[in-house]
Amino acid sequence: ILKELHEQIDRAAFDAYGWPHTLSDKDILARLVALNAERAEEEARGLVRWLRPDYQRPRFGKGLVSEVAIELDLGDTVIAIDKGLPVFPKDRYEQPLAVKRILMSATYPMSADAIARAFKGPAKPRLRRIEDILKVLVRYGDITQQGEGKFAARAAA
């Protein structure tokens, strides 16, 4: 009975995230890490996603607009946190090497968006360039495409 209940909880969690039920533990962890990074970035910009709006808004959101997700004006109170991420090179010839280094250090296949977020600064400006770099690296056999827009470095022979 306990095993059946755990399986029901797992299926409900997958459905809540919109994920397929066939994910491995490694894929689940990779997706949760990416989701955590996305939420941290949103909160740094002032976007609050209430998990329990009826409980949290009255206690912690006094004077805020009563929406489930709102933008907060944090003004100068936001402090940049250096996560020790590398800087994306400006030199177009060094960029593929930087992308390849990120993939080689990863323990799981990464999407272009996750790779873009692995460098300091906003990810959007470099996303298109990283997508182009990934196509070239796949074509030259330096990396492999793992399906669902995920990429991984080739294992050394």
Side-chain angles (χ1 to χ4, degrees), residues 6-53 56 67-157:
H6 276 283
E7 288 171 356
Q8 287 176 7
I9 291 170
D10 289 345
R11 284 192 300 273
F14 284 127
D15 292 341
Y17 283 107
W19 295 346
H21 293 196
T22 56
L23 292 176
S24 68
D25 288 347
K26 188 175 179 180
D27 292 332
I28 293 167
L29 181 60
R31 288 177 182 231
L32 288 173
V33 168
L35 183 61
N36 183 53
E38 183 182 320
R39 290 297 185 260
E41 188 176 296
E42 287 177 353
E43 289 177 10
R45 290 192 325 261
L47 177 66
V48 177
R49 293 177 183 261
W50 302 109
L51 298 175
R52 297 170 44 201
Q56 290 171 299
E67 294 179 16
V68 173
I70 61 171
E71 291 285 340
L72 296 177
D73 180 15
L74 299 177
D76 295 330
T77 60
V78 177
I79 299 170
I81 299 172
D82 181 3
K83 298 178 187 176
L85 299 176
V87 174
F88 190 66
K90 291 183 180 181
D91 183 336
R92 293 180 61 83
Y93 298 105
E94 291 180 22
Q95 292 171 353
L97 298 173
V99 169
K100 194 172 169 183
R101 271 194 300 273
I102 294 293
L103 286 171
M104 290 175 69
S105 66
T107 57
Y108 54 89
M110 297 176 73
S111 67
D113 185 53
I115 295 167
R117 285 186 273 114
F119 294 98
K120 283 186 183 175
K124 272 192 177 181
R126 66 181 152 264
L127 182 58
R128 176 77 177 144
R129 175 68 181 138
I130 287 175
E131 289 170 343
D132 291 342
I133 289 169
L134 290 169
K135 289 176 191 173
V136 171
L137 291 175
V138 167
R139 183 177 297 149
Y140 289 150
D142 289 338
I143 63 171
T144 60
Q145 187 162 1
Q146 303 286 315
E148 288 189 46
K150 304 281 176 130
F151 300 87
R154 285 200 178 272

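In what follows, every heavy atom counts, from backbone to side chain, and hydrogens, waters and symmetry copies are set aside.
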Tell me, which pairs form a side-chain hydrogen bond (donor to acceptor under 3.5 Å, both in side chains) where one or both residues lie in residues 108-117, sequence neighbours left out?
Asp113-Arg117

Qualifying residues under side chain to side chain donor-acceptor pair (under 3.5 Å), relative to Arg129, sequence neighbours excluded:
Gln95

Counterpart residues, side chain to side chain donor-acceptor pair (under 3.5 Å), relative to Asp27 (two or more places apart)
Ser24

Testing the 3.5 Å rule here: is there a donor-acceptor pair between the side chains of His21 and Asp10?
no

Residue pair Gly121 / Arg126: nearest heavy atoms and the distance that separates them
O-NH2, 2.9 Å

Taking every heavy atom of Ala116 against every heavy atom of Ile130, the minimum-distance pair comes out as CA-CD1, 3.5 Å

For His6, all residues meeting ring-ring contact (aromatic ring centres under 6.0 Å, His included), sequence neighbours excluded
none

Determine, stepwise, if the pair Phe151 / Gln146 fulfils side-chain contact (heavy atoms from CB on, under 4.5 Å).
CA-CA 5 Å; Phe151 300 87; Gln146 303 286 315; 6.0 Å; no

Say you draw a straight line from CD1 of Ile115 to CD1 of Ile102; how long is it, rounded to the nearest 0.5 Å?
8.0 Å

Can you name the residues that form a side chain to side chain donor-acceptor pair (under 3.5 Å) with Asp25, not counting sequence neighbours?
none

Rounded to the nearest 0.5 Å, how far apart are CG of Asp142 and CE of Met104?
9.5 Å

Would Ile28 and Phe14 satisfy side-chain contact (heavy atoms from CB on, under 4.5 Å), going step by step from the backbone distance to the final call?
CA-CA 9 Å; Ile28 293 167; Phe14 284 127; 3.6 Å; yes

Residues two or more places apart in sequence or in another chain: which of them pass side-chain contact (heavy atoms from CB on, under 4.5 Å) with Pro125?
Pro122

Lys150 side, atom NZ; Thr144 side, atom OG1 - distance, nearest 0.5 Å:
13.0 Å

Checking side-chain contact (heavy atoms from CB on, under 4.5 Å) for the pair Phe88/Lys120: CA distance, chi angles, key distance, verdict?
CA-CA 7 Å; Phe88 190 66; Lys120 283 186 183 175; over 6 Å; no

Hey, what do you get for NZ (Lys135) to CD1 (Ile143), rounding to the nearest 0.5 Å?
12.0 Å

Determine whether Met110 and Leu103 make a side-chain contact, defined as any pair of heavy atoms from C-beta on separated by less than 4.5 Å.
yes

Is any side-chain heavy atom of Phe119 closer than 4.5 Å to a side-chain heavy atom of Val87?
no

Mind checking the NZ-CG spacing from Lys100 to Leu137? Nearest 0.5 Å is all I need.
7.0 Å

Residues Glu131, Leu127; criterion side-chain contact (heavy atoms from CB on, under 4.5 Å); working and verdict:
CA-CA 6 Å; Glu131 289 170 343; Leu127 182 58; 3.9 Å; yes

